[in-house]
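Notes follow the structure.
Sequence lines set the chain letters: A, B, ... in the order given, protein chains first and strands last, and positions in each chain run from 1.
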Amino acid sequence: MIGAQPGRVSVLRAVFVPLDSASRNRGRVTRARAALAGQSLAQVAGRLGREVPTETRRAKGWAGALCELALGSTAGSRAVPDFQALGIELKTLPVNRMGKPLESTFVCTIPLLDVGDTEWHASRAFSKLRRVLWVPVLAERSIPIAERTFGAAFLWSPSSDEEQALRWDWEELAGLIGRGRQDEVTGHLGRFLQVRPKAANSRVRRRVRDEEGLEVLAPPRGFYLRPEFTAALVRRHLVLPQPDV
DNA sequence: TTGTGATCATCT
DNA sequence: AGATGATCACAA
């Protein structure tokens, strides 16, 4: 299938073919693929009786919400996994025609006041990342929202190497915030996991402790996975088109 | 108001 | 082009 038509790879197929054999697919993953893979956002929305937004600027997060609706997630905006009983977090991942992620992936907001006293395995970040159902979406900006297409979902849990790498970043970043040095924490830090602002706008503030342990105000922050990290996951789990030569 | 879903806009 | 910081919509 790969490169069956050189230069005109069937992107909608090749990008989204899962690597693991169909016989190993079970439960939620199988259903996710059956319900979504290869279908446009408009098709899925139509089946669910939802309108498709036309303005991308006002539709941030819409594909993710549509995906949750299609798969029956009920977590809403609570800080718990999307499928709580299964401990599975659902994330759409915008990719280009080569399957390369177009954006970083939001993981969770950071509880600034106590992240420094939290263990990795008790952290929001770990609880979100321990099991993720990734749903690629072919979502280049040039493609109208309605025509963007769901790919083959794949279930991922961090390998021990991956977990170690994420934990390393998390401990550095959480440690800095916990010690009151949040001003030093920018998006430049962290090899795979980074910290970026997460708020309605840049004037929003939250309580956080300074270096003396006193409460002061600082911008809300969230953990994000860099595209380099998610790109490796996609490469491992899906068959991608061959680059043009 | 805060957390969820993320992508946008700008600068390097 | 890619990454960082800013921003948009919605729900509880």
Can you identify which nucleotide, out of [options], has its nearest atom closest to the [X] side chain?
| X | options | value |
| --- | --- | --- |
| Thr109(A) | dG2(C), dA9(B), dG3(B) | dG3(B) |
| Pro227(A) | dT7(B), dT2(B), dA3(C) | dA3(C) |
| Gln194(A) | dT4(C), dC8(B), dT7(C) | dT4(C) |
| Lys100(A) | dA6(B), dT7(C), dG2(C) | dG2(C) |

Exercise. Could you give the angle between the helix axes at the two ends of the helix from dT1(B)-dA12(C) to dT12(B)-dA1(C), with five pairs per end, rounded to 10 degrees?
Worked result: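 The end-segment axes of the helix from dT1(B)-dA12(C) to dT12(B)-dA1(C) are tilted 20° relative to each other.
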
Exercise. Apart from Tyr224(A) itself, which Ile, Leu, Val, Met, Phe, Trp or Tyr residues share its cluster (side-chain heavy atoms under 4.5 Å, direct or through members)?
Worked result: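 Tyr224(A) clusters with Phe106(A).
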
Exercise. For Glu140(A), which residues count as a salt bridge (charged side-chain N to carboxylate O under 4.0 Å, His left out) partner, sequence neighbours excluded?
Worked result: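 Glu140(A): salt bridge (charged side-chain N to carboxylate O under 4.0 Å, His left out) contacts with Arg97(A).
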
Exercise. Taking only residues two or more places apart in sequence or in another chain, which ones pass side-chain contact (heavy atoms from CB on, under 4.5 Å) with Arg207(A)?
Worked result: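 Applying side-chain contact (heavy atoms from CB on, under 4.5 Å) to Arg207(A) gives Leu113(A), Glu215(A), Leu217(A).
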
For this session: Verify, without hydrogens or angle tests, whether Arg205(A) (side chain) and Ser202(A) (backbone) share a donor-acceptor contact under 3.5 angstrom.
Result: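 At least one qualifying donor-acceptor pair exists.
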
For this session: Please tell me which of Gly61(A) and Arg226(A) maps to the more 5' nucleotide of DNA chain C, matching each residue to the nucleotide holding its nearest heavy atom.
Result: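 Comparing both residues, the 5'-ward one is Arg226(A).
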
Exercise. Can you check the Glu89(A) CD to dA6(B) P distance for me, whole Å?
Worked result: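 The answer, rounded to whole Å, is 8 Å.
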
Exercise. What residues in residues 183-192 of chain A put a non-hydrogen atom under 4.0 Å from any atom of DNA chain C?
Worked result: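 Thr186(A), Gly187(A), His188(A), in order of number.
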
Exercise. Looking at DNA chain C, which of residues 111-129 of chain A put a heavy atom within less than 4.0 Å of it?
Worked result: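 Listed by number, there are none.
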
Exercise. Can you say whether the rings of Phe229(A) and Phe192(A) are parallel (under 30°), tilted (30 to 60°) or perpendicular (over 60°)?
Worked result: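 Geometry flag for Phe192(A) against Phe229(A): tilted rings.
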
For this session: Classify the ring geometry between Phe154(A) and His237(A) as parallel (under 30°), tilted (30 to 60°) or perpendicular (over 60°).
Result: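 Parallel.
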
